[in-house]
Amino acid sequence: MNNDHCVFALPQITEDFACQHGELVTRRAGPDVACHSETMCRLCSEVYEQFKIAGLAAFEYEDDLTQVPHSVWTKIQYGGLLGLQALLEMPSQPSKVENIAAVIERAVQQYQQLEQLPYQAIVPAMQEFRIKRRRAR
């Protein structure tokens with residue numbers, strides 16, 4: 001069984017999105033999501049790398065964890081997945097991805113090669129994504 005770290009762990013830990021291959025686990029650093037499919041882990045990593053390239057350029061940041069605000073990483077992950085789901089015209093609830101693996105698999109099926117996905121068309125969804133605010137106590 002594969003036990004790799006999921007690159008889309010954040011939206012799964014918060015239970016905003018789900019994935020059939022993801023399992024919530026606890027690691028030394030805290031909660032995480034393990035992917036139980038080597039193939040999906042690789043495909044999701046490829047998609048996330050392309051999300052980062054397109055998203056960081058749009059937000060005018062370079063790939064540097066010490067410089068990029070957490071909110072930008074969140075917008076790239078959430079907005080990227082929501083934008084990809086919308087691009088593929090998959091039915092869903094607003095602001096929800098029911099199965100990340102199904103979205104990635106559909107992208108592979110439709111575009112054959114992940115490099116051929118129109119990532120620039122997904123950038124507006126990244127820029128428009130609004131992070132939920134915490135409620136005041």
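Counting begins at 1 with the first residue of the sequence.
Here ring-ring contact (aromatic ring centres under 6.0 Å, His included) pairs that include residues 99-118, with residues two or more places apart or in two chains, number zero.
Minimum heavy-atom separation, V7 to C44: CG2-O, 3.6 Å. For the residue pair R106 and E89, the shortest heavy atom distance occurs at NH2-O, 4.5 Å. Between M126 and G80 the shortest heavy-atom distance is CG-N, 3.6 Å. Residues L81 and F8 come closest through the heavy atom pair CD1-CD2, 3.6 Å. What you find for R27 and D32 is that their closest heavy atoms are NE-OD2, 2.7 Å. Taking all atoms of both residues into account, the shortest heavy-atom contact from L114 to A107 is CD2-CB, 4.5 Å.
One distance of note links CG of L84 with OH of Y119; it measures 7.5 Å at 0.5 Å rounding. Annotation: the span from L24 atom CG to C6 atom SG amounts to 11.0 Å, rounded to 0.5 Å. Considering CD of E62 and CD of Q67, their distance stands at 9.5 Å, rounded to 0.5 Å. Atom CD1 of I122 and atom CG of L88 lie 7.5 Å apart (nearest 0.5 Å).
A donor-acceptor pair under 3.5 Å is formed between the side chain of Q112 and the backbone N or O of Q109. Although no hydrogens or angles enter the test, the distance criterion places no donor-acceptor pair under 3.5 Å between the side chain of Q110 and the main chain of L117.
Under a cut-off of 6.0 angstrom, the local environment of CD in E60 is sparse, with at most 12 non-hydrogen atoms contributed by other residues, nucleotides or ligands.
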Practice task
Show your reasoning for whether side chain to side chain contact (heavy atoms under 4.5 Å, CB included) applies to M40 and E105.
Solution key: CA-CA 8 Å; M40 284 313 303; E105 287 170 344; 3.7 Å; yes
Problem - Q50/V47 under side chain to side chain contact (heavy atoms under 4.5 Å, CB included): CA gap, chis, key distance, verdict - result: CA-CA 5 Å; Q50 294 301 317; V47 169; 5.9 Å; no
Show me the donor-acceptor pairs, under 3.5 Å and distance only, between side chains in residues 14-21 and residues at least two apart or in other chains.
residue: T14; atom: OG1; partner: L10; partner atom: O; Å: 3.2
residue: T14; atom: OG1; partner: P11; partner atom: O; Å: 3.3
residue: T14; atom: OG1; partner: D16; partner atom: OD2; Å: 2.9
residue: T14; atom: OG1; partner: Y78; partner atom: OH; Å: 2.8
residue: D16; atom: OD1; partner: K132; partner atom: NZ; Å: 3.0
residue: D16; atom: OD2; partner: Y78; partner atom: OH; Å: 2.7
residue: Q20; atom: OE1; partner: N99; partner atom: ND2; Å: 2.7

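Both W73 and I131 sit in one connected hydrophobic cluster of ILVMFWY residues. Membership requires side-chain heavy atoms under 4.5 Å apart, directly or through other members. Taking hydrophobic clusters as Ile, Leu, Val, Met, Phe, Trp and Tyr residues chained together by side-chain heavy-atom distances below 4.5 Å, F51 does not share a cluster with V33.
Annotation: side-chain contact (heavy atoms from CB on, under 4.5 Å) contacts of E128 (sequence neighbours excluded): P124.
Salt-bridge check for E38 with R42: failed, with every basic side-chain N at 4.0 Å or more from each acidic carboxylate O.
Contact check for F59 versus V123: no side-chain heavy atoms found under the 4.5 Å cut-off.
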